[in-house]
Amino acid sequence: MSSAASSSSSSKTSSELNPRTTHYEFLGPPGALAITIGVPFMTYALYFGCSEQTGGCPPPIDTAVIVESLSSLSWWASLWDTQATLLYLGWYAFTVAAWYVLPGDWIEGTTMRNGGKKKYKINAFSTMLLALGITSGILYRYGPQALTFVYDKWVNLVTAALLWSFVQALGCYLASFREGALLALGGNSGNPIYDFYIGRELNPSIGSFDLKSFNELRPGLILWVLIDIAMACEQAVRRGGSITDSMWLVLGFQSWYVFDALYNEPAIFTTMDITTDGFGFMLSVGDLAWVPFVYSLQARYLVWNQIELGPFYTALIFGVNALGYYIFRAANGEKNDFRNGRNPKNLQFMQTERGTKLLTSGWWGRSRHPNYMGDLLMALAWSLPTGFSTPITYFYVIYFAVLLIHRERRDDEACEKKYGKDWHKYKQLVPWRIIPYVY
């Protein structure tokens with residue numbers, strides 16, 4: 001902790017710096033427990049409910065087979081594979097080593113309530129390039145069959161990721177009881193189930209290594225791209241070396257999204273995940289298991305449903321993704337410029353009594369979260385290459401819409417507390433939440 005932070009925090013008692021949480025989210029402890037159980041369940045369900053091995057997407061439902069499997073110890077044991085676990089932990093260790101070894105600028109985050117500012121190392125993009133370089137070398141030397149083990153050991157890799165998510169969340173929860181820990185305002189309820197899920201400590205760190213920001217961008221996001229590549233390799237082996245245009249679209253869209261996120265790494269340090277939320281099971285399982293193994297559902301589906309779209313539909317879907325990306329990037333560009341004291345488009349804004357300014361024109365005059373609209377269009381484009389024979393491959397679009405609506409509601413509540421009557425004036429100027437004239 002910096003001397004400024006130490007001086008500021010020493011003037012406050014622990015209870016003043018870390019007040020007790022009095023407002024629950026996610027329906028409180030029962031909701032937190034349900035999600036803690038439900039997310040692993042859904043991760044497995046999306047595999048067994050949309051899998052070549054189980055017979056389709058969805059497979060034929062045979063209650064007797066399901067009951068027999070769930071009551072069999074051998075079936076539960078089949079979820080575990082030591083080799084898959086070592087591979088997953090090896091991948092995580094690689095990303096940690098890359099964080100330490102690869103050069104990168106150090107930037108300061110926002111001012112925390114103890115007066116301090118954390119410093120973050122920026123090298124997620126170079127970690128991605130290193131991982132892709134090694135992957136390219138493996139493919140050049142051994143061919144696409146070198147990565148097909150990801151498809152074969154999918155459910156075992158999911159198990160490893162879920163277990164590591166739980167271990168990290170539990171470790172951070174226990175460590176948060178040490179003296180001097182800065183807690184998240186929303187994660188200090190005193191209920192262990194809720195605090196474990198939501199995240200008790202704001203920024204759990206080992207020296208300069210910040211666990212939350214590291215997990216947010218590196219192990220899960222980069223693994224998502226590598227899984228997509230592995231699915232393309234599996235399809236290529238089956239097709240004698242080529243892959244379908246639908247697989248190219250999914251691989252290109254999702255890889256570009258990750259590349260963009262990692263290239264613009266500094267932008268994450270002003271998001272709610274970093275500035276407000278603690279690091280608990282909610283973020284750990286999302287970063288390490290949900291993102292790489294649920295978001296790659298479309299690529300896994302296309303392994304055995306080899307859809308050829310043709311030039312017209314390929315161009316049409318590409319246009320949907322390009323429009324979404326343009327809105328997403330243009331909106332975030334306006335916001336980032338304005339936050340950094342620049343206004344090259346001469347956008348209109350509203351001055352608040354707190355002294356801060358709120359944009360009321362440009363993309364941010366169309367809705368209060370135009371970047372979410374771009375996100376949703378891209379999410380739709382990622383699912384369209386799978387066709388319309390099953391709704392399961394559109395799970396991501398539906399889930400993401402629910403997630404963004406919930407996040408928008410959380411943000412609206414936080415801003416109302418922060419700005420008071422100014423926020424009501426702002427909502428009159430910008431009435432639409434995400435999609436203009438729709439929502």
Side-chain angles (χ1 to χ4, degrees), residues 23-28 31 35 110 184-186 198 216 257 260-261 264 267-277 282-283 286 290-291 295 320-339 343 345 347-354 356-384 394-439:
H23 172 72
Y24 282 133
E25 296 185 71
F26 303 102
L27 303 179
I35 299 173
T110 58
L185 291 176
I198 205 74
E216 190 88 1
Y257 183 85
D260 181 79
N264 294 284
I268 196 177
F269 301 118
T270 58
T271 62
M272 182 178 290
D273 284 357
I274 302 299
T275 63
T276 306
D277 292 335
M282 177 179 73
L283 290 182
W290 188 261
V291 166
Y295 289 11
V320 173
N321 190 77
L323 176 61
Y325 179 76
Y326 169 74
I327 295 172
F328 174 80
R329 183 48 54 211
N332 281 332
E334 287 181 356
K335 178 180 67 175
N336 290 335
D337 281 341
F338 198 70
R339 281 180 172 176
N343 190 5
K345 297 182 180 179
L347 299 175
Q348 297 177 5
F349 58 87
M350 171 185 158
Q351 185 76 47
T352 68
E353 292 182 358
R354 288 175 57 92
T356 52
K357 301 171 183 177
L358 300 173
L359 281 172
T360 57
S361 67
W363 282 105
W364 298 89
R366 294 181 175 94
S367 74
R368 301 198 289 274
H369 288 279
N371 51 335
Y372 290 178
M373 177 169 58
D375 257 332
L376 288 171
L377 281 172
M378 286 189 285
L380 176 62
W382 301 349
S383 297
L384 287 173
Y394 288 81
F395 170 82
Y396 175 74
V397 187
I398 299 167
Y399 152 78
F400 203 45
V402 172
L403 174 72
L404 292 181
I405 290 171
H406 176 261
R407 186 176 292 177
E408 182 276 327
R409 295 280 178 164
R410 289 180 71 197
D411 186 63
D412 184 74
E413 183 178 325
C415 288
E416 186 165 8
K417 292 178 181 177
K418 181 177 180 180
Y419 296 111
K421 62 182 181 182
D422 282 333
W423 187 246
H424 294 280
K425 294 178 183 177
Y426 168 73
K427 290 201 292 186
Q428 291 178 342
L429 295 172
V430 187
W432 301 104
R433 295 175 182 267
I434 297 175
I435 304 175
Y437 307 105
V438 176
Y439 176 75

Discussion item. Could you go through I268 and I274, starting from their C-alpha distance and side-chain angles, then the distance that decides it, and tell me whether this counts as side chain to side chain contact (heavy atoms under 4.5 Å, CB included)?
Written reply: CA-CA 7 Å; I268 196 177; I274 302 299; 4.1 Å; yes

Taking the side chain as every heavy atom from C-beta outward, state whether [X] and [Y] have any atom pair closer than 4.5 Å.
{"X": "D277", "Y": "M282", "result": "yes"}
{"X": "Y394", "Y": "L384", "result": "yes"}
{"X": "L347", "Y": "F338", "result": "no"}
{"X": "R368", "Y": "D412", "result": "yes"}
{"X": "Y257", "Y": "W382", "result": "yes"}
{"X": "L185", "Y": "T276", "result": "no"}

Looking only at heavy atoms, which two atoms of [X] and [Y] are closest? And how far apart?
{"X": "T360", "Y": "L429", "result": "CG2-CD1, 4.0 Å"}
{"X": "S367", "Y": "I434", "result": "OG-O, 2.8 Å"}
{"X": "M373", "Y": "P436", "result": "SD-CD, 3.6 Å"}
{"X": "S361", "Y": "E334", "result": "O-OE1, 4.3 Å"}
{"X": "V430", "Y": "G365", "result": "CG1-O, 3.9 Å"}
{"X": "G420", "Y": "H424", "result": "O-CD2, 3.5 Å"}

Fill in: Derivation of the side chain to side chain contact (heavy atoms under 4.5 Å, CB included) call for H369 and D411
CA-CA 10 Å; H369 288 279; D411 186 63; 3.2 Å; yes

To the nearest 0.5 Å, what is the distance between [atom1] on [X] and [atom2] on [Y]?
{"X": "I435", "Y": "W432", "atom1": "CD1", "atom2": "CH2", "result": "10.5 Å"}
{"X": "S383", "Y": "F395", "atom1": "OG", "atom2": "CZ", "result": "10.5 Å"}
{"X": "I35", "Y": "L27", "atom1": "CD1", "atom2": "CG", "result": "7.5 Å"}
{"X": "W423", "Y": "C415", "atom1": "CH2", "atom2": "SG", "result": "4.0 Å"}
{"X": "L404", "Y": "Y399", "atom1": "CG", "atom2": "OH", "result": "8.5 Å"}
{"X": "R410", "Y": "E25", "atom1": "CZ", "atom2": "CD", "result": "4.0 Å"}

Do NZ/NE/NH1/NH2 and the carboxylate oxygens of [X] and [Y] come within less than 4.0 Å?
{"X": "K417", "Y": "E413", "answer": "yes"}
{"X": "D422", "Y": "R354", "answer": "no"}
{"X": "D375", "Y": "R407", "answer": "no"}

Discussion item. Test your reading of the model: is there a side-chain donor-acceptor pair from W364 to the backbone of A331, 3.5 Å cut-off?
Written reply: yes

Worksheet item: Do Y419 and Y426 pass the ring-ring contact (aromatic ring centres under 6.0 Å, His included) test, and can you show the C-alpha distance, the side-chain angles, and the key distance before you say yes or no?
Response: CA-CA 10 Å; Y419 296 111; Y426 168 73; 8.2 Å; no

Practice prompt. Please test I198 against F26 for side chain to side chain contact (heavy atoms under 4.5 Å, CB included), starting from the C-alpha separation and ending with a verdict.
Written response: CA-CA 9 Å; I198 205 74; F26 303 102; 3.5 Å; yes

Practice prompt. Take N371 and W363 through the side chain to side chain donor-acceptor pair (under 3.5 Å) test and state the conclusion after the steps.
Written response: CA-CA 8 Å; N371 51 335; W363 282 105; over 6 Å; no

Discussion item. The test is side chain to side chain contact (heavy atoms under 4.5 Å, CB included); show your working for Y325 and M378 and say whether it passes.
Written reply: CA-CA 7 Å; Y325 179 76; M378 286 189 285; 3.9 Å; yes

Worksheet entry | Distance-only donor-acceptor check, side chains N336 and N332, under 3.5 Å |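 Short answer, no.
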
